Amino acid sequence: MTSNKMDKSIVVTVSRKMKHAKYGKFINVSKKFVAHDEKNECGIGDSVKIMEIRPLSKRKRWRLVEIVEKAK
């Protein structure tokens with residue numbers, strides 16, 4: 001998780017390695033998702049699981065399912 005400054009919302013960054021189509025080099029690709037956190041229980045650095053839901057606002061279309069691992 002990247003940010004929890006909003007009320008009942010979190011920003012989750014999903015990173016993955018992708019092979020470049022032409023050069024074959026592996027590059028890091030990341031995408032940010034805004035997710036709904038009803039109880040404000042997440043902290044920065046937590047590993048979380050999210051699921052897609054109906055649109056709750058302009059950017060929020062995901063919901064927090066569980067916290068897989070808390071940050072140290």
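Residue numbers count from 1 along this sequence. These numbers were taken from a predicted model, which means no experiment stands behind them.
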Do we see a donor-acceptor contact under 3.5 Å between the side chains of Thr2 and Thr13?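 Side-chain D/A pair, Thr2 to Thr13: present.
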
Is it the case that the side chains of Asn4 and Asn40 hold a donor-acceptor pair, with the cut-off being a distance below 3.5 Å and no angle test?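 The answer is no; no qualifying pair exists.
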
Set of residues satisfying salt bridge (Lys or Arg N to Asp or Glu O under 4.0 Å) with respect to Asp46, sequence neighbours excluded: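 Salt bridge (Lys or Arg N to Asp or Glu O under 4.0 Å) list for Asp46, sorted by chain: Lys70.
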
Which residues pass the side chain to side chain donor-acceptor pair (under 3.5 Å) test with Ser3, sequence neighbours left out?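 None.
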
Do Val11 and Met1 make a side-chain contact, defined as non-hydrogen atoms from C-beta onward lying under 4.5 Å apart?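 No; the side chains remain at least 4.5 Å from each other.
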
Path from Ile10 to Ile67 over hydrophobic side-chain contacts below 4.5 Å: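 Looking at the clustering, Ile67 is in the same group as Ile10.
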
If two hydrophobic side chains count as joined below 4.5 Å and joins carry through other members, does Val34 share a cluster with Ile44?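 The answer is no; the residues belong to distinct hydrophobic clusters.
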
Where at least one partner belongs to residues 23-39, residue pairs that pass salt bridge (charged side-chain N to carboxylate O under 4.0 Å, His left out), sequence neighbours excluded: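 Every pair satisfying salt bridge (charged side-chain N to carboxylate O under 4.0 Å, His left out) with a residue in residues 23-39: Lys8-Glu38.
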
Each residue besides Met18 in its hydrophobic cluster should be listed here, by chain and number; the cluster joins Ile, Leu, Val, Met, Phe, Trp and Tyr at side-chain heavy-atom distances under 4.5 Å.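 Under the 4.5 Å side-chain rule, Met18 groups with Ile27, Val29.
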
If a pair satisfies ring-ring contact (aromatic ring centres under 6.0 Å, His included) and one of its residues is in residues 21-68, list it, with sequence neighbours excluded.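 Those involving residues 21-68 are His20-Tyr23, Phe33-Trp62.
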
Report all side-chain donor-acceptor pairs from residues 47-57 shorter than 3.5 Å, counting only partners two or more places apart or in another chain.
from, atom 1, to, atom 2, distance (Å)
Lys49, NZ, Glu66, OE2, 3.3
Ser57, OG, Lys60, N, 3.3

